[in-house]
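Have a look at the structure below, then the notes.
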Amino acid sequence: MAIAFSTNQQGSELMQSSDYDKSMQRNLTHVFSERDPKKRLEVIRELYDPDAVLNEPEASVTGHEAISDAVTKLLDSLPPDFTFTAMGPAIGHHSIGRLRWQSGPPNGPAAVQGMDIAHFIDGRIHALYVFIEDED
């Protein structure tokens, strides 16, 4: 996947707003909704830095394989028909992106909602922070 950049006054590359959406949407659909670990790991290797950190509310893991294992554990805890879908486009600036999402059965009510905050370096996810919305 090609990522377009602009350069700031310090010479660092900045992602374009559409790149945040493409990367974060792909992460949601091809990482967090992918039940085949081999396919998931291929996409993780494309989207994430090798030393990337996944920060979930209960745990943090580092590296491609550990991130894939954490997603496997998450998906194993959900009904097999649950998928993650975006609740709109991702937005971002200055190497930080945000995507609101929900999970549940296809075309059914959302069982859980949350938000991912990603820190990007050179167009790849360096750290992902997962927030789960409280049920009120």
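In this chain, residues are counted from 1 in sequence order. These values consider heavy atoms only, across backbone and side chains, with no hydrogens, waters or symmetry-generated copies.
Note: Ser68 OG to Glu34 CD = 9.5 Å, rounded to the nearest 0.5 Å. Rounded to the nearest 0.5 Å, atoms OH (Tyr20) and CD (Gln25) are 15.0 Å apart. Atom OG of Ser103 is separated from atom CG of Leu74 by 7.5 Å, given to the nearest 0.5 angstrom. Here CD of Gln102 is found 13.0 Å from CE of Met115. Values are rounded to the nearest 0.5 Å.
For residues 57-86, every residue pair satisfying the salt bridge (Lys or Arg N to Asp or Glu O under 4.0 Å) rule, not counting sequence neighbours, is listed here: Arg45-Glu65.
Cluster annotation: Ile44 is connected to Phe32 through the hydrophobic network of ILVMFWY side chains, with a link wherever side-chain heavy atoms come within less than 4.5 Å. Cluster annotation: Ile117 is not connected to Val61 through the hydrophobic network of ILVMFWY side chains, with a link wherever side-chain heavy atoms come within less than 4.5 Å.
At least one donor-acceptor pair under 3.5 Å links the side chain of Ser33 to the backbone N or O of Phe84. No donor-acceptor pair under 3.5 Å is formed between the side chain of Asp116 and the backbone N or O of Val130. Although no hydrogens or angles enter the test, the distance criterion places no donor-acceptor pair under 3.5 Å between the side chain of Arg98 and the main chain of Ala118. Side-chain atoms of Tyr48 never come within 3.5 Å of backbone atoms of Val53 as a donor-acceptor pair (strictly under, hydrogens ignored). Proximity of a side-chain donor or acceptor of Thr62 to a complementary backbone N or O of Asp51 within less than 3.5 Å is not detected. The closest donor-acceptor contact from the side chain of His64 to the backbone of Asp49 lies under 3.5 Å.
With a 4.5 Å cut-off on side-chain heavy atoms, Lys39 and Leu41 do not count as touching. Between Phe131 and Glu56, the closest side-chain pair of non-hydrogen atoms is not below 4.5 Å. Side chains of Leu54 and Ser60 form no contact here, defined as non-hydrogen atoms less than 4.5 Å apart. Counting heavy atoms from C-beta outward, Arg26 and Val43 have side chains that approach closer than 4.5 Å. Counting heavy atoms from C-beta on, the side chains of Ile91 and Asp21 never come closer than 4.5 Å. Between Leu128 and Asn27, the closest side-chain pair of non-hydrogen atoms falls below 4.5 Å. Contact of the Val112 side chain with the Ile132 side chain is registered, since non-hydrogen atoms from C-beta on lie closer than 4.5 Å.
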Arg35 vs Leu78, side chain to side chain contact (heavy atoms under 4.5 Å, CB included): CA-CA, chis, key distance, verdict: CA-CA 11 Å; Arg35 293 187 179 266; Leu78 299 174; 4.2 Å; yes

Step-by-step side chain to side chain donor-acceptor pair (under 3.5 Å) determination, Arg40 to Thr72: CA-CA 9 Å; Arg40 179 186 327 119; Thr72 294; 2.7 Å; yes

Candidate pair His94 and Ile96, rule side chain to side chain contact (heavy atoms under 4.5 Å, CB included), full reasoning: CA-CA 6 Å; His94 293 90; Ile96 303 294; 5.6 Å; no

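Residues Ala127 and Asn55 approach most closely at CB-ND2, 4.4 Å, considering heavy atoms. Here the closest heavy-atom approach between residue Trp101 and residue Met87 is recorded as O-SD, 3.1 Å. Minimum heavy-atom separation, Val71 to Val31: CG1-O, 3.4 Å.
A donor-acceptor contact closer than 3.5 angstrom is absent between the side chains of Arg124 and Ser23.
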